Amino acid sequence: MLKTANPDSTGNDHAREKLSSEAVAKALAGLDGWSLAEDGGSITRSFTFSDFSEAFAFMTRVALAAETIDHHPDWSNVYNTVNVTLNTHDAGGLTALDFELARTMSRYFGQVVGDLSTP
């Protein structure tokens with residue numbers, strides 16, 4: 001579930017703290033379709049839709065969610081495919097926000113694919 005970025009009372013935003021390699025491996029294990037990039041500091045996934053309109057609608061929905069948590073993907077779109085790379089530049093690697101956004105993207109994708117299989 002998406003939450004608005006919310007620093008604690010000391011001004012720290014723990015969701016933006018770089019995760020250890022162990023925490024990354026554990027978080028990644030729960031994400032189907034996502035993989036650790038060669039650099040070890042990003043996660044990646046490609047989403048394929050039936051056409052450009054579905055791909056663009058997905059990107060629009062994700063953009064609104066990304067704004068809510070103030071965390072934005074690196075992505076590209078070619079026709080029906082959206083390629084995504086997530087990391088937190090300020091932290092120099094992966095944070096809880098990357099995995100939160102990845103889960104949201106996977107959930108949105110599942111909803112679109114589910115709609116396609118319904119007559």
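Everything quoted here is computed from the prediction, not taken from an experiment. No hydrogens, no waters, no symmetry mates; every other heavy atom, side chains included, goes into these values.
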I would like to know whether T48 and N80 meet side-chain hydrogen bond (donor to acceptor under 3.5 Å, both in side chains); could you show each step before the answer? CA-CA 6 Å; T48 303; N80 67 335; 5.6 Å; no

Begin from the C-alpha positions of D74 and H89 and carry the test side chain to side chain contact (heavy atoms under 4.5 Å, CB included) through to its verdict. CA-CA 11 Å; D74 292 327; H89 301 285; 3.4 Å; yes

Going through the distances and angles, do I43 and T85 end up as a side chain to side chain contact (heavy atoms under 4.5 Å, CB included)? CA-CA 6 Å; I43 55 174; T85 300; over 6 Å; no

Step-by-step salt bridge (charged side-chain N to carboxylate O under 4.0 Å, His left out) determination, D70 to R16: CA-CA 11 Å; D70 191 28; R16 294 186 185 275; 3.5 Å; yes

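Taking OG1 of T104 as the reference point, atom CD1 of I69 lies at 6.5 Å (rounded to 0.5 Å). Taking OG1 of T95 as the reference point, atom CD of E17 lies at 9.5 Å (rounded to 0.5 Å). Residue S42 holds its OG atom at 6.0 Å from CG of L94, rounded to the nearest 0.5 Å. Summarising the geometry, atom OG1 belonging to T88 is positioned 5.5 Å from atom CG belonging to L97; distances are rounded to the nearest 0.5 Å. Rounded to the nearest 0.5 Å, atoms OH (Y108) and CG (L101) are 9.0 Å apart. Note: L36 CG to L31 CG = 11.5 Å, rounded to the nearest 0.5 Å.
Centroid-to-centroid, the aromatic rings of F56 and F49 stay 6.0 Å apart or farther. Separation of the F58 and F47 ring centroids falls under the 6.0 Å cut-off.
A55 and N77 make their closest contact through CB-ND2, 3.7 Å (heavy atoms, listed as atom of the first residue, atom of the second, distance). Heavy atoms only, all atoms of each residue included: D98 and G93 are closest at OD2-O, 3.8 Å. The nearest pair of heavy atoms linking L19 to A96 is CD1-N, 3.9 Å. Of all heavy-atom pairs between F99 and L28, the closest is CE2-N, 3.8 Å. Taking both residues in full, the closest heavy atoms of R45 and S106 are given as NH1-OG, 3.0 Å, listed atom of the first, atom of the second, then distance.
With sequence neighbours left out, D51 forms a side chain to side chain contact (heavy atoms under 4.5 Å, CB included) with S53, E54, Y79. Applying the side chain to side chain contact (heavy atoms under 4.5 Å, CB included) test to A57 and every residue at least two apart in sequence or in another chain returns nothing.
If you check the side chains of H72 and E67, you find a donor sitting under 3.5 Å from an acceptor.
Of the possible donor and acceptor atoms, one in the side chain of S20 sits under 3.5 Å from a partner among the backbone N and O of A23.
Proximity of V82 to W75: side-chain heavy atoms (C-beta onward) are separated by under 4.5 Å at one or more points.
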